[in-house]
Amino acid sequence: MSSFDALAFRQFFPFFNNNPDWVYLDTAATSQKPQQVIDAELAFYQRQNSNVHRGAHQLSQHATAAFEAARDKVQQFLNAASRSEIIFTSGTTAAFNQLAFGLMDTVLKPGDRILISALEHHANIVPWQLHCQSHGVQLDVIPLDPQLMPDLDVYQQLLALKPKIVSLTQVSNALGHILPIGSMLQAAKAAGAITIVDGAQGVSWQVPDVQLWPVDFYCFSGHKLYGPTGIGVLYGKQRYLEQLKPLLGGGEMISDVSFQRSSFAALPARLEAGTPNIAGAIGLAAAIDFIRQFDARQINQYKGELLQQFAAGLSQIPGLRPLTRVEQSAGIVSLQLAGEHPNDLAMLLNEQKIAVRAGSHCAMPLFAALQLPGAVRFAFAPYNLPAEVDVTLQALAAATEILR
Amino acid sequence: MSSFDALAFRQFFPFFNNNPDWVYLDTAATSQKPQQVIDAELAFYQRQNSNVHRGAHQLSQHATAAFEAARDKVQQFLNAASRSEIIFTSGTTAAFNQLAFGLMDTVLKPGDRILISALEHHANIVPWQLHCQSHGVQLDVIPLDPQLMPDLDVYQQLLALKPKIVSLTQVSNALGHILPIGSMLQAAKAAGAITIVDGAQGVSWQVPDVQLWPVDFYCFSGHKLYGPTGIGVLYGKQRYLEQLKPLLGGGEMISDVSFQRSSFAALPARLEAGTPNIAGAIGLAAAIDFIRQFDARQINQYKGELLQQFAAGLSQIPGLRPLTRVEQSAGIVSLQLAGEHPNDLAMLLNEQKIAVRAGSHCAMPLFAALQLPGAVRFAFAPYNLPAEVDVTLQALAAATEILR
Amino acid sequence: MLQQLIADTATGLQQIAEHELPLLQQPADWQSKYRLLMQLGKQLPALPEKMRQTEYLVRGCESRAWLLHYQEPVSGKHYFVLDSEARIVKGLLAIMLCFVNGKTGAELAELDLSRHFDALNLRPYLSQSRGNGLTMMLQRIQSTIKA
Amino acid sequence: MLQQLIADTATGLQQIAEHELPLLQQPADWQSKYRLLMQLGKQLPALPEKMRQTEYLVRGCESRAWLLHYQEPVSGKHYFVLDSEARIVKGLLAIMLCFVNGKTGAELAELDLSRHFDALNLRPYLSQSRGNGLTMMLQRIQSTIKA
Ligand SMILES: Cc1ncc(COP(=O)(O)O)c(C=O)c1O
Ligand SMILES: Cc1ncc(COP(=O)(O)O)c(C=O)c1O
């Protein structure tokens, strides 16, 4: 048994006191926020609020210091080599759009290839599609193996085509499966590719050491890591960040503007146009402080225990077919009820105040490959309790009973 | 005298209690936030927090309802014809980047022209520059007249070149000057142009009626309208929004994704990729509720009185040279001290706890035209008090004394 | 083909209005409510696979539904055939149809569907959520009759 | 030309270190502090207009400054000539130079400038703010000696 104290952990989250009848199993969509994250935003607005960077005045300098301290916090969190490798974005989606737009013409030339996996979220598909065709760049996909993981043999064959970019999710948001990202990145590097990791789901499973991992870009969203909405991070190795064409132009990202032409400022400013989400960055820093108080290994072990308990219960309910292989999951179980549409199951769980998602989870190509209309996703977090697993299993039994 | 009660108004803003020694004259950079805006975000995170749109479950439906109610609020605020004309962005800068990217290829063809004024903020310059050259589009600039307003004669001549786009700021952030936007938009429409207004500074001066104004796109930021950072609005007339190529691809903005191609969802989703700044939108709605409690005419009259008081005092201090013509200002006075760099003046004011900005205020081309290294900007808001104007004037006198 | 589907739908709706709607109003446990909803859905004809075409598709984020429309030229009355791959949604669509089918444009403009759903304790299903197939369907119906 | 500027700078800095730095440490009203800072700035030579070139430009958001650098080949010591269009910033740059000029790379790597600024009650001017010319200048000095 993990020595992690989930009940104590849960106390930090006001949401649960305010929603005592609900079982929240939708953390993969967004996590709940500890009071200290909320307080950090509140304190900023009540005490320090001022715009950053431009200020002669001390209030603005304090706001800037707090904002830049948030950047330092993220740098330490990922162990980035330099603070200018941390770009604040509005989220993972914005980060991928900066990447897809920014690599075209500079790194990616007509005829080049990008390699992603069949497990990707739309954020790691659609931005590429927006630009690939007009730039003559080809998007290749690593298919699934029978374990619903990327097929590593085919991966090797696709790497032989020398993709310029390999962009992979660390953890599948639809299934929870943890990709063998270390070895996959190594293989990509060996093939000479620039590597990108979508950490939206993965960062709460395992924080990368971006100097140890062979990863050139890493993206995640604050709101899935106990932080606020509207803030995310694009980490990039300096030499690659410098090659990105800015997606956004405006204040702060230029060093010189005339009506004829503008020249860009140094990183990180170059990729952060306009007034940033200052309070959001400060909230994200508070979230990082919060989560670093706890032992990640213990948390993961605890989540594993919840998954085991859930999986054991599922096997007692006739007709349920998990898609997720629990032993390779970071906290998610996705399942089907034989012959039924996932939406029906989710509605019956909702009626019993179990908050889950049904559908294709912004991973339509995955479900197309599986030839399924979607699945019902149960996403467990360290604030979930064994008792909630039991309640969920009972609710599932009642729901399948009705659908039978 | 205005019957507006500034002291009562000021009570809503916790910032002032926490910073009693400061005179905050930097509202043009970002406004302070009333407690009810902070509370709205807080309440969302503590009670409702859940991701939007995708949810089978009721928590998500409530979050979605709150988020979409924020959209309805903005729609009413601007009197937009439809809620799908309101796109949430991360701010004005992001909105302009969506416009510049989105109009290229669809509306703007090689050889086409875009017309802006010499008073524009970088947000209405740099995004155009990012895309104009590679698309063969020409950016024209309306020069200044002696009153430091757009030269309307030259404007007419430039309109004769049939620009496809006319994009103007409602209020200059560097000088505070209120452009004659009604007649300028009408002239643009008469010349057959699509019209864009940068409302970042203007929206707190006069909220447009977008059905009465001949405006096709209107942008503003929450954080300058008593709202949170990280949220802004791109309003567009439906038929023009529909022509925009999405700048951001990802979840929610597509109706169908395969590895071959994706098809876009209907507005507003089509232009809102990824998890939006949910709490930010809810905070912005609270800010709109807040400001609508007050009479805008009275507020503007009150700001006018502060400006008059300030201008009268300025004339007593030798060497000060206002760039702003107070009678055409929405609340800003920018000035120079003869022979001195604005930064010196601002530092001496900062020492006396007067928060102002010095520099080119993200309007470098304007100061290049004026052949000045910048100016010191005093931005007054309805929470500023006549007593603060006096303190500021004393501080200015002391500062000029030192610099002499 | 469409005529046949419309006729079958009409038969189903009449059944529902007479027998099931009253039952929905009675206090029952939640299980019975959903059993009833699924029952309702079964009384509507299923759209044959070959008619499940993109042009008829109404996409919620979680399940697909289809809408076919016919306006009677003389009376101007609107008739819809609705289907969904999710059973509960299909039941809810059936209820929606009870209030919508066979009405003129003017009648539909006056219709306050949420009042009816309220009366049946089904209000939450008509929320703003884009992910919710029902709202999407209602919007599609409204845009269809305007077109 | 650069040699002359470096010589003039050295003279100015010696003046400052001997006469003005001690004064800055004494409690004085804020007005005198700024008068002194501006005084300091005046003791540094002004960069001739033709040398205010883009390659030497260090851009804060609010005022421009320039940096010229020379490394003595034998001793390896670094010498800088700094200028700013803002008078107070120029005074602060003069103070910075007092601690920086004529030092070797190793000495500069060891230097804790914020301690010195603290001692002079000038800490706020070395903050993270990008808008602040001083921080930008410090970064430029660091990158220059590394290059
Ligand atoms: C006139 C004007 N336009 C655009 C902007 C950019 O707004 P934001 O930084 O919130 O994107 C500003 C604010 O600095 C402004 O004053
Ligand atoms: C794996 C993955 N990538 C990307 C995203 C997109 O994140 P966001 O919506 O915060 O931009 C998500 C979240 O939905 C995700 O789970």
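Numbers restart at 1 for each chain; the letters A, B, ... are given by sequence-line order, proteins then strands.
The most heavy-atom pairs under 4.5 Å with chain A, out of B/Pro228, B/Ala363, B/Gly232, B/Ala100, come from B/Pro228. With respect to chain A, the highest number of heavy-atom pairs below 4.5 Å among B/Ile278, B/Leu139, B/Thr229 belongs to B/Thr229. Options B/Ala355, B/Ala346, B/Ala123 differ in how many heavy-atom pairs under 4.5 Å they form with chain A, and the most are formed by B/Ala355. By number of non-hydrogen pairs under 4.5 angstrom with chain B, the leading residue of A/Thr93, A/Asn350, A/Asn17 is A/Asn350. The candidate with the highest count of non-hydrogen atom pairs below 4.5 Å against chain A, out of B/Ser90, B/Gly91, B/Ala281, B/Ser258, is B/Ser258. Options A/Gln98, A/Lys33, A/Met347 differ in how many heavy-atom pairs under 4.5 Å they form with chain B, and the most are formed by A/Lys33. Ranked by heavy-atom pairs shorter than 4.5 Å toward chain A, the options B/Pro246, B/Gly230, B/Ala94 are led by B/Gly230.
Contact of A/Val141 with chain B is made through the side chain alone, with heavy-atom distances under 4.5 Å. Contact of A/Ser31 with chain B is made through the backbone alone, with heavy-atom distances under 4.5 Å. Proximity to chain B is limited to the side chain of A/Asn19, based on heavy atoms less than 4.5 angstrom apart. For chain A, no part of B/Phe96 is nearby; none of its heavy atoms comes within less than 4.5 Å. In this structure, no portion of B/Ala368 lies under 4.5 Å from any heavy atom of chain A. Neither the backbone nor the side chain of B/Pro342 has a heavy atom closer than 4.5 Å to any heavy atom of chain A. In this structure, the portions of B/Leu247 lying under 4.5 Å from any heavy atom of chain A include both its backbone and its side chain. Heavy-atom distances place the side chain of A/Ile254, and not its backbone, under 4.5 Å from chain B. Only the side chain of B/Phe264 comes within contact range of chain A, judged by heavy atoms closer than 4.5 Å.
When atom types are taken as modelled, the side chain of B/Gln32 and the backbone of A/Asn49 share a donor-acceptor pair closer than 3.5 angstrom. No donor-acceptor pair closer than 3.5 Å links the side chain of A/Asn51 to the backbone N or O of B/Thr30. Checking side-chain atoms of A/Gln46 against main-chain N and O of B/Asn18 turns up no donor-acceptor pair under 3.5 Å.
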For residues 36-44 of chain B, which side-chain donor-acceptor pairs fall under 3.5 Å, sequence neighbours excluded?
from    : atom 1 : to      : atom 2 : distance (Å)
B/Asp39 : OD1    : B/Gln35 : NE2    : 2.8

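Residues B/Arg47 and A/Pro14 have side chains not in contact (no heavy-atom distance under 4.5 Å, counting atoms from C-beta outward).
A distance of 4.5 Å separates OH in B/Tyr24 from OG in A/Ser50, rounded to the nearest 0.5 Å. Separating the NE2 atom in A/His122 from the CE atom in B/Met253 is a distance of 11.0 Å, to the nearest 0.5 Å.
Here the closest heavy-atom approach between residue B/Cys362 and residue A/Gly251 is recorded as SG-CA, 3.8 Å. Contact record, A/Val356 with B/His57: O-CD2, 3.2 Å, taken as the closest heavy-atom pair.
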**Working for side-chain contact (heavy atoms from CB on, under 4.5 Å), residues A/Asn277 and B/Asn277** = CA-CA 10 Å; A/Asn277 187 352; B/Asn277 187 351; 3.7 Å; yes
**Request:** I would like to know whether A/Phe15 and B/Tyr45 meet side-chain contact (heavy atoms from CB on, under 4.5 Å); could you show each step before the answer?
**Result:** CA-CA 7 Å; A/Phe15 175 88; B/Tyr45 284 131; over 6 Å; no
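Contacts with chain A (heavy atom to heavy atom, under 4.5 Å) involve these residues of residues 125-133 of chain B, listed by number: B/Ile125, B/Val126, B/Pro127, B/Gln129, B/Leu130, B/His131.
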